[in-house]
Amino acid sequence: MSTSVSAASTGSVDVDLIETICGDVREILAEWDLKYADRPAVLARKLWLLALEREQIVVVAYRDDTVMQRVNQLDVPQDLRAVIRQTLAWIWKDEEMHVDYARSRLAKGRHPVPTAVIFGRQLVGAFSGWVSATSNHADRRKDPARAFVAKTIVTAGRITKRIPAQLAKELSHHQTFRGYCALNVALEESAALGYELLMKHVSDATELAAVQRIEADERRHQQSFRVLAAALDDSGRLRDDVSAQQVIDDLAAISTFHLPASVRDDTTRTVFQADRSVSRSTHKPTDHVDATLWPVLDDQQFSSLIAPGKSVVIKGAFMLGYHRDDLSNVGSPEVIDSVVRYARKHGATDVALIEAPTIYDRYYANRSVAQVAEYFGFSSPNYRIVDASVDQVPVVFSRGLSQQTMSETWMNASVRVVVSKLRGDPTEVAHLSLSTMQGMGSRTDTLIHIDREIDFRTAVMMTLDLAPPDFAIVDAWGHCGDGPLGVMGCRKPVMLNQFWASRNIAALDASVIADIGEDPRAAIIMRRARDWFGVDISADPLTVRPIDPSYRRRRATLFGKFVCLTAYPMYMFGSGKGVLFVPQMDESAFPPVGTTNIGTRTVRKAAQIAFGIRPGSAP
Ligand SMILES: [Fe+2]
Ligand SMILES: [Fe+2]
């Protein structure tokens with residue numbers, strides 16, 4: 001990656017500020033280096049704790065809405081504003097990734113740090129981040145109380161020497177955007193220094209590679225803030241001797257991820273396609289699945305992707321299935337069969353249906369992809385079943401962390417298709433194409449809990465970056481699990497017979513969410529795609545076609561609102577790594593592994609009843 005940046009954009013950053021702030025950090029690090037020279041594990045732990053707190057500070061301080069308001073106020077051309085937005089969003093996503101990785105090192109290291117200490121440091125970091133954001137961005141006239149509280153805390157930090165004097169000075173006044181960027185040049189440098197020292201003391205090769213990558217991220221952040229600080233004046237305009245195009249070129253030279261999808265040249269990929277068209281089916285009760293689905297595929301010219309002899313891989317959605325008496329959270333074999341026949345009709349020779357194991361195989365037997373496929377009736381001479389978890393080959397992801405392999409079948413297929421099932425989801429609104437992309441790299445159950453190195457959404461984005469689907473279909477054929485937890489199962493599913501399809505995965509999911517009557521920006525994974533790739537995730541109100549009104553939105557009831565608010569933290573921290581929160585499994589097909597104590601069985605049962613994650617009386 002080129003990082004050549006024009007000379008005009010690198011001047012005028014306050015060198016004294018960098019030296020003063022980094023001088024303090026260098027002093028502390030040198031002291032630790034000496035003190036713990038013969039105890040590298042202790043030093044590494046201290047450095048990771050420092051990194052965790054510091055990363056959490058910037059995650060909060062760089063928060064999207066706080067900083068974007070300032071970007072919106074800049075007096076710069078629209079195209080430059082879009083690139084600045086994307087640059088800052090990308091830096092923010094990097095910092096979120098760094099938090100996860102630092103926390104995993106502390107939770108999984110040779111001498112694990114207690115969870116309470118980890119969260120204590122994260123909390124201090126989040127609080128400091130709030131102080132920093134408020135001090136730098138809050139308008140004292142509009143929000144005097146917040147500004148006063150932040151200033152008081154900064155003053156207290158300076159007096160108790162918790163915050164270096166120069167940094168306290170910078171934090172104690174409202175910053176211009178240029179000043180904010182200049183300050184971050186110094187803070188990013190100080191972060192890189194910490195990782196540099198860590199690199200000296202990490203012995204594990206995988207961990208070392210991750211630290212090197214994080215350090216390189218921090219250097220890129222520093223360069224980006226430097227470009228911005230040098231290009232703008234204190235009134236938020238471009239300096240006279242700098243052109244907008246020059247700044248765009250400089251930011252793009254640091255990383256192509258700084259460019260929004262609309263100006264990236266990689267337009268063949270579904271994530272970046274300018275064409276946002278989505279087709280929906282129309283269905284008459286007498287219509288067979290082909291008669292409903294194929295016109296949608298034709299409309300999106302699916303056939304043009306498939307030349308004779310091409311291989312097709314379809315990412316299906318059946319591994320969250322738990323019982324034949326509730327098919328609302330699994331894709332339909334009939335639909336997969338229809339897609340495969342369509343592909344073969346247009347020349348595909350080798351078709352694979354790929355899925356990945358979930359956490360359920362830790363607690364129940366017979367949960368391999370082949371066994372679950374057979375249980376739900378996914379078997380046909382027209383396609384083969386592939387287990388993504390045993391099909392992994394080493395790959396190099398250009399962005400992201402930790403994940404180092406990907407399914408060979410997925411990566412090497414001529415045409416990649418994702419067929420998701422419409423199901424409610426507390427944090428993603430609905431579990432659609434983006435969510436269904438889980439499992440093509442690392443196993444999803446390693447990407448959820450406190451010791452994860454990255455989260456599952458980051459893993460999906462890395463997959464989309466390296467090997468995105470060429471085509472995506474949302475299957476709402478037959479029963480669909482609605483409500484907040486439809487993804488896990490649904491006692492009273494809704495009956496729909498509908499499909500959506502598109503070559504643009506983000507546009508497809510945005511459309512379906514809008515048709516459900518919700519805002520696509522409410523889905524965390526949609527926002528993640530926007531921040532990673534700069535794609536448009538809004539829904540065009542003119543194209544919305546509301547879905548059958550019997551579909552229950554996830555927040556339709558007070559209970560639904562409660563579930564949406566608490567589901568993710570509960571699952572992450574209170575589910576005993578998922579053991580307490582499983583649907584009512586068909587134990588005749590999937591018997592429990594080992595013995596389960598009465599406490600676990602009781603909590604499971606209570607959750608199954610409370611959240612309706614068990615088969616109901618649907619015909
Ligand atoms: Fe970072
Ligand atoms: Fe950074």
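Note that ligands are numbered from 1 as they come in the structure, with each ligand's atoms numbered from 1 the same way.
- For H98, the N, O or S atom with the smallest separation from the Fe ion (ligand 1) is ND1.
- One of the N, O or S atoms belonging to E55 lies under 2.8 Å away from the Fe ion (ligand 1).
- Classification of R219 and E189 as a salt-bridged pair holds, one side-chain N sitting under 4.0 Å from a carboxylate O.
- Taking the six-membered ring for Trp and thresholds of 30 and 60 degrees, F533 and F257 have ring planes inclined between 30 and 60 degrees apart.
- Draw a line from the Fe ion (ligand 2) to ND1 of H221 and another to OE2 of E188, and the angle between them is 100° (to 10°).
- Geometrically, K46 engages W32 in a cation-pi contact, judged by NZ or CZ lying under 6.0 Å from the ring centre and within 45° of the ring axis.
- Nearest N/O/S atom of E218 relative to the Fe ion (ligand 1): this is OE2.
- Shown are R105, R103, Q403; of these, the side-chain hydrogen bond (donor to acceptor under 3.5 Å, both in side chains) with E453 is made only by R105.
- Between I513 and M526 there is a side-chain heavy-atom pair separated by less than 4.5 Å.
- The Fe ion (ligand 1) is closest to atom OE1 of E95 (considering only N, O or S atoms).
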